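For this chain, numbers begin at 1 and follow the sequence in order. No experiment lies behind these values; they were computed from the predicted model shown. No hydrogens, no waters, no symmetry mates; every other heavy atom, side chains included, goes into these values.
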Amino acid sequence: MKPKRLLQTWRWFGPNDPVSLSDIKQAGAQGIVTALHHVPHGEVWTKDAINIRKDELQAGGFEWSVVESLTVHENIKTRSGNYATLIEKYKQSLANLAACGIKIVTYNFMPVNDWTRTEINHTLPNGSRALYFNWSDLALFDIHILQRNDAHLSYSSAIVEKAFLKNNSYNTTEKENLVNTILYGIPGEEKRTTTGIKNELEKYKYIDHAALKSNLAHFLQQVAPVASELGMQLAIHPDDPPFDILGLPRIVCSRQDLLDIIGFSDVPANGICFCTGSLGASSKNDLPVMIQELNTRIHFAHLRNVARDAEGNFFESDHLNGNVDMYAVMKELSAIQQKSEQRIPFRPDHGHQMLDDLNKTTVPGYSAIGRLRGLAELRGLEQGITGGIL
Ligand code: DNO
């Protein structure tokens with residue numbers, strides 16, 4: 001029997017993405033991951049707006065395989081203000097997506113900031129560029145720029161000392177770059193500012209891990225049964241990186257977190273976006289074992305690698321080379337795929353800025369050639385594991 005294969009997808013940020021749908025065709029991707037980035041967080045995604053995007057994709061020869069992300073509004077995460085109305089709107093967006101035939105929806109529950117890095121142009125020995133996360137740079141921002149109360153208590157004394165020295169040695173441009181990188185966010189979505197972040201942090205003053213988890217449980221108990229009824233699959237993205245940052249609780253970081261989450265609403269729709277780069281940034285996570293345990297609750301995968309150092313800093317390494325054993329990850333994912341009727345989508349998550357892309361303006365992590373390389377390697381890895389003709 002012919003082995004079943006994962007669905008090879010590619011993230012596209014919409015018509016303004018410097019990487020076109022025809023580029024993506026040439027890279028060999030089979031489906032698209034995208035979102036309506038122009039719709040403000042919390043607003044309903046109408047069928048009209050969804051269909052416009054769907055048509056754009058169809059014109060390029062693609063289906064809309066996965067939504068990434070249908071963002072969860074901060075008021076839902078903090079369970080404050082109009083959160084109940086926002087949850088109803090979320091359900092409405094799900095229903096509209098399902099009516100348009102789009103069934104897999106990624107989201108995250110990271111408080112205030114989505115993915116966080118301290119450098120987007122980290123030059124590797126071969127001249128390509130990668131995204132990088134460094135604790136003392138984050139501490140510099142937190143303690144000296146944001147000046148969050150008691151921020152120094154969140155770091156070891158060695159990191160506090162390094163941050164102090166860097167604060168004295170970095171020039172204004174270097175500091176501005178650091179702020180812009182930490183607050184980068186998602187292309188086409190609302191830009192954050194240092195003052196904005198300070199106000200947002202205030203809202204989490206009394207929200208600890210347990211409270212945030214209970215807010216997520218409440219959200220899922222409302223939304224997951226609806227998604228199930230609609231025949232949809234939700235996929236929560238892990239916290240990136242999987243640690244508390246800026247004094248905020250982060251609750252999607254570990255094996256136990258993910259098992260707790262799928263238990264919050266025991267319906268098949270309540271699942272995971274298994275992001276190997278996010279989870280792999282913590283040395284405590286044994287990824288292949290986690291994949292076995294989460295099994296068919298893995299609805300989507302982001303395949304990316306990281307290289308960590310002793311201090312916990314990491315850069316995004318080649319897809320097949322780093323702290324994540326990508327062979328073991330692919331083997332486990334492929335085993336789940338053999339049992340599933342539906343193809344499980346994955347995408348090469350991020351890629352190095354390399355070759356011609358070094359001279360282009362690209363979205364950090366989302367230039368074409370690095371991802372093309374990643375996709376090619378991952379597809380070859382999968383074929384090596386399953387055998388058979390593609
Ligand atoms: C970064 C991405 C994340 C991800 C969201 C999902 O490159 O992996 O921004 O899309 O967190 O909700």
Checklist entry - Counting only heavy atoms not in E63, do more than 12 fall under 6.0 Å of its CD? => result no

Item to check | Side-chain donor or acceptor of K77 paired with backbone N/O of M110 under 3.5 Å | outcome: yes

Item to check | Worked verdict on N167 versus K175 for side-chain hydrogen bond (donor to acceptor under 3.5 Å, both in side chains) | outcome: CA-CA 8 Å; N167 185 45; K175 286 184 188 168; 3.0 Å; yes

Checklist entry - Ignoring hydrogens and geometry, is there a side-chain-to-backbone donor-acceptor pair from R297 to N270 under 3.5 Å? => result yes

Next on the checklist: Who clusters with F315? Use side-chain heavy atoms, under 4.5 angstrom, across I, L, V, M, F, W and Y, and order the result by chain and number.
Outcome noted: L124, Y132

Item to check | salt_bridge(R53, E56) N-O dist < 4.0 Å | outcome: yes

Checklist outcome for this item: Connected to V44, directly or through other members, by ILVMFWY side-chain contacts below 4.5 Å are none

Checklist entry - So does N126 have more than 12 non-hydrogen atoms from other groups sitting under 6.0 Å from CG? => result yes

Item to check | Aromatic ring pairing Y90/F219, orientation class (parallel under 30°, perpendicular over 60°, tilted between) | outcome: perpendicular

Item to check | Salt bridge E202-K198, side-chain N to carboxylate O under 4.0 Å | outcome: no

Next on the checklist: If we check side-chain contact (heavy atoms from CB on, under 4.5 Å) with I236, which of these qualifies: L216, T106, I262?
Outcome noted: L216

Checklist entry - Is the number of heavy atoms from other residues, nucleotides or ligands within 6.0 Å of NZ (K191) greater than 12? => result yes

Checklist entry - Taking N305 for the side chain and V324 for the main chain, is one N or O donor matched with an acceptor at less than 3.5 Å? => result yes

Next on the checklist: Count I, L, V, M, F, W, Y as connected when their side-chain heavy atoms are under 4.5 Å apart, and connections chain through other members. Are V39 and I87 then in the same cluster?
Outcome noted: yes

Next on the checklist: Whether E200 and R192 form a salt bridge (side-chain N of Lys/Arg under 4.0 Å from carboxylate O of Asp/Glu) is what I want to check.
Outcome noted: no

Checklist entry - Among side-chain atoms of S80 and K203, is any donor-acceptor pair under 3.5 angstrom? => result no

Checklist entry - Donor-acceptor pair, D309 side chain versus G312 backbone, under 3.5 Å? => result yes

Item to check | F133 and F314 aromatic ring geometry - parallel, tilted or perpendicular at 30°/60° bounds | outcome: parallel

Next on the checklist: Just so I know, are the side chains of P18 and K360 near enough to count as touching, which here means a heavy-atom distance under 4.5 Å?
Outcome noted: no

Checklist entry - Q337 and E382: side-chain donor and acceptor closer than 3.5 Å? => result no

Item to check | Other residues, nucleotides, ligands: >12 heavy atoms within 6.0 Å of E174 CD | outcome: yes

Next on the checklist: Is it the case that over 12 heavy atoms from other parts of the model lie below 6.0 angstrom from the NZ atom of K47?
Outcome noted: no

Checklist entry - Is it true that H350 and Y366 have ring centroids separated by less than 6.0 Å? => result yes

Item to check | L138: which of N313, L178, I245, I143 passes side-chain contact (heavy atoms from CB on, under 4.5 Å) | outcome: I245

Checklist entry - Got a sec: does the NZ of K339 have more than 12 other heavy atoms crowding it under 6.0 Å? => result yes

Checklist entry - When you look at CD of E311, are more than 12 heavy atoms from neighbouring residues, nucleotides or ligands closer to it than 6.0 Å? => result yes

Next on the checklist: Could you check whether R373 pairs with D318 (Lys NZ or Arg NE/NH1/NH2 to Asp/Glu carboxylate O, under 4.0 Å)?
Outcome noted: yes

Checklist entry - Okay, side chain of H299, backbone of L234: is any donor-acceptor separation there less than 3.5 Å? => result yes

Checklist entry - Counting distance only, does the side-chain N/O of N134 pair as donor-acceptor with the main-chain N or O of D137 below 3.5 Å? => result yes

Next on the checklist: Does this structure show an ion pair linking R255 with E293, if we count only N-O contacts that are shorter than 4.0 Å?
Outcome noted: yes

Checklist entry - So, does T276 use its side chain to make a donor-acceptor pair with the main chain of R304 at under 3.5 Å? => result yes

Checklist entry - About how many Å separate CG of N121 and CD of Q353, when rounded to the nearest 0.5 Å? => result 6.0 Å

Checklist entry - Take atom CZ in F243; do more than 12 heavy atoms of anything else shown fall under 6.0 Å from it? => result yes

Checklist entry - Can a donor-acceptor pair be found between the side chains of H237 and E68 at a distance below 3.5 Å? => result no

Next on the checklist: Does any part of the side chain of N16, heavy atoms only, come nearer than 4.5 Å to the side chain of H37, both counted from C-beta?
Outcome noted: no

Next on the checklist: Would a single hydrophobic cluster contain both F300 and L220, if residues Ile, Leu, Val, Met, Phe, Trp and Tyr are joined by side-chain heavy-atom contacts under 4.5 Å?
Outcome noted: no

Next on the checklist: Just so I know, are the side chains of S228 and P268 near enough to count as touching, which here means a heavy-atom distance under 4.5 Å?
Outcome noted: yes

Next on the checklist: If we count only N and O atoms by modelled type, under 3.5 Å, do the side chains of D23 and S20 hold a donor and an acceptor together?
Outcome noted: yes

Next on the checklist: Would the distance check show the side chain of S367 and the main-chain N or O of I369 forming a donor-acceptor pair, the cut-off being under 3.5 Å?
Outcome noted: no

Next on the checklist: Within the 4.5 Å heavy-atom criterion, are E316 and D349 side-chain neighbours or not?
Outcome noted: no

Checklist entry - Is a side-chain N or O of K91 found less than 3.5 angstrom from the main chain of V226, in a donor-acceptor match? => result no

Checklist entry - So, does N51 use its side chain to make a donor-acceptor pair with the main chain of C100 at under 3.5 Å? => result no

Item to check | N285 side, atom CG; L258 side, atom CG - distance, nearest 0.5 Å | outcome: 8.0 Å

Next on the checklist: Assess, by modelled atom type and distance only, whether the side chains of H73 and N82 contain a donor and an acceptor separated by less than 3.5 Å.
Outcome noted: no

Checklist entry - Are any non-hydrogen side-chain atoms of D208 and P249 less than 4.5 angstrom apart? => result no

Item to check | Cation-aromatic face contact K54/F62, 6.0 Å, 45 degrees | outcome: no

Next on the checklist: Is there a side-chain contact between S154 and R148 in this structure, where contact means two heavy atoms from C-beta onward sitting under 4.5 Å apart?
Outcome noted: yes

Item to check | Positive for side-chain contact (heavy atoms from CB on, under 4.5 Å) with T34, one of T9, V67, L57 | outcome: L57

